[in-house]
Amino acid sequence: MAFKNLMERIQALDFKKRIILLTLMVISIASVILLIVWAQAPSYQVLYSNLQQEDAGLIIQKLREMKIPYKTTATGIMVPAENVYELRLQLASMGLPQGGGVGFEIFDRTGLGTTEFVQKVNLRRALQGELARTIRSLQEVKDCRVHLTIPERSIFTASDERPKASVVLKLQPGVTLTKRQVQGIIHLVSSSVEGLSPEDVTVLDSRGNVLSSPQNEDSLLTTTQLEYQRSIERDIEKRVIGILTPVVGKDRVRAKASVTIDFTRVEETREIYDPDSQVVRSEQKMHESRTVPSTEGVPGVKSNIPGANGRTASTTQAGLNKQTETINYELSRIKSHVIKPTGVIKRITVAVLVDGLYRKDEKTGKSIFTPRTEAELKTYEELVKKAIGYSSERTDEVKVVSMPFKLEEEGQAIPEAENRYDKYIMPAARYGTILILSVLAFFFLVRPLMNYLRTAPSTVSRGYAQPTPEIETSAEQVKKLPQPDEIKEWAKENPQQAAVLIKKWIHGG
């Protein structure tokens, strides 16, 4: 019944209103279809970004073969979100992305007719590609290219030419490599190529600056010493800021430290003899005693015959007594080998800048700076001395000064305002403009059209013709209009005319 009433109202409209209604219906249906299509369209997600040109071309070729829809952007390749992880696994099984250049996978496609020269060229290309991939894995390196020069060996030459290498690095924005990192890259390349010496490896950046330079142990040690000194200075500065921040407030204290370090390496060997302290080292004693008996009497046979009567002989004893004693003494000796440590702090100098206090002037409304008192600065100085390990024997020095921090505060307010503008004001203005335009379109376009379409069609006069604008609607004219009973009687008497009249009403005639 409602549909029938709707059709009757549509048929009661004139031709112009029907065209307007049809146009609105077409626009509404098209908008609904576009919204449905947009809602059902697959959302694209990044498959790979920051690819090399060779890798990007190979991946796009594989996607075309697999009939996967994709989009290319300035930074990478995008595919439907539901296929991202599956495609990454499939491409990884195919060896993609290769990371720029070719590696040892180049030998997976060698044929039987490959010559020795081609094999050597492929070997050099594989080494270059693998080294570039390894160096590119460093966090500071965005891109890398490696060039190797490997001379041919010959048995007819007395001395062979040494291989050489060149490495070109494209670093991340705002990143620099330290000397130790450059030396690591040099040793990586030299260790990967047979016969390559670290002195024959040249490292450049994308701006043409030579990062590698001939260095010996002394120069490398000097670089290490500077880094060690700076690390100590940064540690002292952090200590000072950390102990004063709770007192003066955040970002209201600055500290700079200067450390003098003695990197002299001293080796000392000492051998000390103490003449007052004697020690018996060895002792040797020898005692010898010998006795030889002798007989005295009348010479002759009688005196020598036993039992003969003669004068009694007297016996004397002769002996040898020899005594030798040797004692060796050793003086007390102290032998020591002392190596004094390197990197001994000789002197520390610290300059501390503390912000003061501010009060607002009631008349001008400006902030007036008030420096810290001498007692406060003295207290801060004592805290700093305790924090850094102050030593008067090293003639350390600490200076604390109170000054206003103007430039620092003004410089921090600008980025914060810009961030607020980009984060809140711009989106609010954009969505507010869309809302205002939608409201204006409703009140000045949609609503007048709807009111225009709701206007009722014109009525028919007694003469069964279209009324003219000059028809008077007075009470007397209303009384002269035909009554419903009269119209029914006339329709029964004139059915053909009534049918024609109804057709004209339907078609707006």
Side-chain angles (χ1 to χ4, degrees), residues 50-55 95 97-108 110 115-231 263 265 342:
N50 299 324
L51 291 172
Q52 300 294 323
Q53 295 182 356
E54 297 84 358
D55 289 338
Q98 298 177 353
V102 293
F104 286 110
E105 69 274 1
I106 192 173
F107 294 104
D108 297 338
T110 56
T115 61
E116 182 181 0
F117 175 76
V118 175
Q119 290 283 15
K120 291 180 179 180
V121 173
N122 289 339
L123 177 60
R124 185 166 65 250
R125 291 180 61 192
L127 286 174
Q128 294 176 168
E130 293 293 337
L131 288 172
R133 293 176 186 176
T134 305
I135 298 173
R136 196 180 293 112
S137 63
L138 298 177
Q139 185 177 2
E140 293 81 2
V141 179
K142 184 178 181 180
D143 195 7
C144 172
R145 289 184 63 88
V146 179
H147 302 277
L148 298 177
T149 302
I150 303 177
E152 294 287 339
R153 293 185 178 181
S154 177
I155 60 175
F156 300 103
T157 57
S159 61
D160 294 335
E161 186 179 356
R162 298 187 304 179
K164 298 180 181 179
S166 300
V167 181
V168 182
L169 303 176
K170 184 178 181 182
L171 303 178
Q172 297 288 350
V175 176
T176 57
L177 294 179
T178 62
K179 291 293 183 182
R180 186 175 297 277
Q181 290 174 323
V182 175
Q183 290 296 322
I185 294 175
I186 292 175
H187 285 286
L188 170 66
V189 176
S190 62
S191 302
S192 303
V193 181
E194 183 182 359
L196 180 60
S197 176
E199 290 77 12
D200 296 328
V201 180
T202 304
V203 181
L204 306 175
D205 61 4
S206 57
R207 294 185 295 271
N209 299 323
V210 180
L211 303 180
S212 61
S213 57
Q215 293 183 348
N216 51 21
E217 293 183 358
D218 296 335
S219 61
L220 184 60
L221 183 60
T222 302
T223 304
T224 307
Q225 292 173 355
L226 292 176
E227 293 179 356
Y228 175 71
Q229 180 179 356
R230 291 171 183 171
S231 65
F263 292 101
R265 184 176 181 180
T342 59

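- Between the NZ atom of Lys170 and the CG atom of Asp205 there is a distance of 12.0 Å, given to the nearest 0.5 Å.
- The structure places CD of Glu227 at 6.5 Å from CZ of Arg180, a figure rounded to the nearest 0.5 Å.
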- Item | From CA spacing to verdict: side-chain contact (heavy atoms from CB on, under 4.5 Å), Leu123, Ile150 | CA-CA 10 Å; Leu123 177 60; Ile150 303 177; over 6 Å; no
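- Leu177 contributes atom CG, which lies 11.5 Å from atom OG of Ser212 (distance to the nearest 0.5 angstrom).
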- Would Val201 and Val193 count as a side-chain contact (heavy atoms from CB on, under 4.5 Å) if you check the C-alpha gap in whole Å, the side-chain angles of each, and the deciding distance to 0.1 Å? CA-CA 11 Å; Val201 180; Val193 181; over 6 Å; no
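- In plain terms, the two heavy atoms of Ser197 and Ser190 that are nearest each other are C-CB, 4.1 Å.
- A donor-acceptor pair under 3.5 Å is absent between the side-chain atoms of Arg145 and the main chain of Val168, judged by distance alone.
- Remark: the backbone N or O of Leu148 is paired with a side-chain donor or acceptor of Gln128 at under 3.5 angstrom.
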- Task: Starting from the C-alpha separation in whole Å, work towards a yes-or-no answer on side-chain contact (heavy atoms from CB on, under 4.5 Å) for Val189 and Ile135.
- Result: CA-CA 9 Å; Val189 176; Ile135 298 173; 4.1 Å; yes
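- Across every non-hydrogen atom of Leu211 and Lys179, the tightest pair is O-NZ, 3.9 Å.
- To the nearest 0.5 angstrom, Thr176 atom OG1 is 9.0 Å from Glu140 atom CD.
- Counting only heavy atoms from C-beta outward, the side chains of Gln183 and His187 approach each other to under 4.5 Å.
- Atom CG in Leu171 sits 10.0 Å away from atom CG in Leu138 (nearest 0.5 Å).
- Note: Lys142 NZ to Gln172 CD = 6.5 Å, rounded to the nearest 0.5 Å.
- Remark: Arg133 engages Glu130 in a salt bridge, criterion side-chain N to carboxylate O under 4.0 Å.
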- Test log, rule side-chain contact (heavy atoms from CB on, under 4.5 Å), inputs Cys144 and Val167: CA-CA 7 Å; Cys144 172; Val167 181; 3.9 Å; yes
